[in-house]
Trainee: 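Questions regarding the structure given below will be posed in turn.
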There are 2 protein chains.
Amino acid sequence: MVDKTPTADIPSLPTPLEQSKAQFIRRWGEMGGYWGINRTMAEIHALLFVSTEPICTDDVMAKLMISRGNASMNLRSLVDWGLIERIHLRGDRKEYFVCRTDVWEMFETIVRQRRRREVEPIVETIEHCKAMVDDIQPKAADADAEDVQVYKQRLDEMHKFLDSFGTIVDLMVKLGPGSLQRLSGMMTKLVK
Amino acid sequence: MVDKTPTADIPSLPTPLEQSKAQFIRRWGEMGGYWGINRTMAEIHALLFVSTEPICTDDVMAKLMISRGNASMNLRSLVDWGLIERIHLRGDRKEYFVCRTDVWEMFETIVRQRRRREVEPIVETIEHCKAMVDDIQPKAADADAEDVQVYKQRLDEMHKFLDSFGTIVDLMVKLGPGSLQRLSGMMTKLVK
DNA sequence: TATTCCTTTCAGAGATTATTGAAAGAAACA
DNA sequence: TGTTTCTTTCAATAATCTCTGAAAGGAATA
């Protein structure tokens with residue numbers, strides 16, 4: 001139901017800036033899919049990332065052409081993840097949102113969340129699975145004996161790997177952008 | 001259509017080893033979901049990871065209770081990813097599969113693939129998006145001028161971050177498990 | 001060559017996830 | 001207090017992704 005009277009907002013052609021942003025948003029959304037994050041959530045995140053000023057729910061609805069419910073749900077998820085923040089503009093009842101634009105902070109947030117949700121459960125499971133076969137270890141004459149050994153070893157390796165990886169990423173995050181060059185240099189030396 | 005005659009294989013109760021493996025497989029599958037990998041594919045991968053001997057399509061079908069088509073498709077995907085290999089046993093027409101069990105190799109493979117599929121496209125898009133607004137830069141009197149500046153800066157930061165991150169991960173992968181301790185030590189010093 | 005055994009493919013069915021829109025809820029305002 | 005404005009929730013619907021099973025395709029064997 002578009003108002004066509006002369007005084008109404010006539011949708012102007014998208015500027016190159018708008019086109020560019022739209023393209024980035026679209027791609028960021030696609031990538032979200034690969035990362036187990038729903039496309040719309042990632043698009044909203046991108047929209048906020050490229051916005052120089054706070055954005056309200058209606059802006060999100062209009063720009064991405066999605067329903068109020070959808071916008072509301074995904075904005076909440078982004079807040080829960082800690083990737084965006086709610087803010088209130090004086091003299092305006094609406095809620096606005098802004099993205100934390102420091103990419104390293106962003107990364108830290110994502111790493112912390114994903115680690116908690118994805119790495120920790122698998123580590124717990126590995127420990128539990130090892131314990132299960134530890135109990136049967138005593139009966140050494142078991143036909144499974146060798147199998148058990150190999151199995152335990154593989155679980156161990158995976159466990160160690162996940163631990164190490166976690167440590168490295170944690171440190172990386174703490175170091176932030178400044179140390180990256182130094183670190184890269186050090187690592188390169190190590191490779192040689 | 002289970003044969004119930006005395007000579008048929010009567011399904012015995014699962015041993016603790018089998019139970020333990022089943023649990024690991026289940027959890028690995030769940031995690032796959034978070035990583036944009038379908039559950040079954042991740043489960044097959046886990047099944048092969050904890051198997052001491054090669055496994056054929058029928059084994060996969062039986063253990064995970066899935067159809068031939070499903071097994072075939074997901075096994076192929078895993079081969080495409082480079083996470084498992086096809087092998088042929090002498091005197092047997094069937095194809096068997098084995099998992100590359102070195103966790104660092106596994107990690108390297110995954111990193112390489114995900115980088116190609118997920119990081120590179122977004123980097124390309126960022127470059128393209130920057131180029132789009134570079135063109136309009138000359139008309140400095142544009143109302144968008146400031147907006148363009150901020151936008152370009154954010155894209156730049158993201159670009160730099162993705163580059164740096166890629167470099168670090170590459171190096172990590174090359175270093176492998178041995179250097180992890182040293183590296184961790186060095187990083188810890190840097191933090192202080 | 002025909003037969004057997006195994007693998008792949010893919011249309012349709014099924015399951016899961018995402019989205020809508022309207023109703024209920026909440027908070028500021030008058 | 002009632003009214004207005006904005007937000008959240010959720011059942012129904014739509015879109016997407018996954019799985020099945022049967023048919024077609026291939027390769028080794030007789």
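So that the names make sense, note that chain A is the first sequence line, chain B the second, and so on, each numbered from 1. Note that these values count all heavy atoms, side chains included, but never hydrogens, waters or copies made by symmetry.
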Trainee: It should be established whether A:Arg86 places a side-chain nitrogen or oxygen under 4.0 Å from OP1 or OP2 of nucleotide D:dT8.
Mentor: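 For D:dT8, OP1 or OP2 has a side-chain N or O of A:Arg86 closer than 4.0 Å.
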
Trainee: Parallel, tilted or perpendicular: which one describes the rings of B:Trp28 and B:Phe49, with boundaries at 30° and 60°?
Mentor: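 Taking B:Phe49 first and then B:Trp28, their aromatic rings lie parallel (interplane angle under 30°).
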
Trainee: Closest-nucleotide mapping onto DNA chain D: is A:Lys94 or A:Arg39 further toward the 5' terminus? I mean the 5' end.
Mentor: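 Going by which nucleotide is closer to the 5' end, it is A:Lys94.
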
Trainee: Below 30° counts as parallel, above 60° as perpendicular, anything between as tilted: where do the rings of A:Trp104 and A:Phe107 land?
Mentor: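 Perpendicular.
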
Trainee: Classify the side chain of A:Arg93 versus the base of D:dT4 as yes if they form a donor-acceptor pair under 3.5 Å and no if they do not.
Mentor: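 Indeed there is one.
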
Trainee: Scan B:Asn38 against the nucleic acid and name what it touches under 4.0 Å (heavy atoms): base, sugar-phosphate only, or nothing.
Mentor: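 Sugar-phosphate, no base atom in range.
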
Trainee: Can a salt bridge be assigned to the pair B:Glu120 and B:Arg116 using a cut-off of 4.0 Å between side-chain N and carboxylate O?
Mentor: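 So B:Glu120 does not pair with B:Arg116 through a salt bridge.
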
Trainee: Does the side chain of A:Thr40 get closer than 4.0 angstrom to OP1 or OP2 of C:dT19 through an N or O atom?
Mentor: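 So the side chain of A:Thr40 is within the cut-off, an N or O lying under 4.0 Å from OP1 or OP2 of C:dT19.
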
Trainee: What is the distance from CG of A:Asp80 to P of D:dT9, rounded to the nearest Å?
Mentor: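 In whole Å, D:dT9 P lies 10 Å from A:Asp80 CG.
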
Trainee: Verify the contact: side-chain N or O of A:Asn70 to OP1 or OP2 of C:dT20, cut-off strictly under 4.0 Å; return yes or no.
Mentor: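 Looking at the OP1 and OP2 atoms of C:dT20, one of them is under 4.0 Å from a side-chain N or O of A:Asn70.
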
Trainee: What contact category does A:Arg76 fall into here, base, sugar-phosphate, or nothing, at under 4.0 angstrom with non-hydrogen atoms?
Mentor: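 Sugar-phosphate, no base atom in range.
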
Trainee: For A:Asn74 and B:Gly69, find the nucleotide of DNA chain C closest to each by heavy atoms; which residue's nucleotide sits nearer the 5' end?
Mentor: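 Comparing both residues, the 5'-ward one is B:Gly69.
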
Trainee: Reckon A:Ser72 has a side-chain N or O less than 4.0 Å from the OP1 or OP2 of D:dT9?
Mentor: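 False: A:Ser72 side-chain N/O out of range (4.0 Å or more) of D:dT9 OP1/OP2.
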
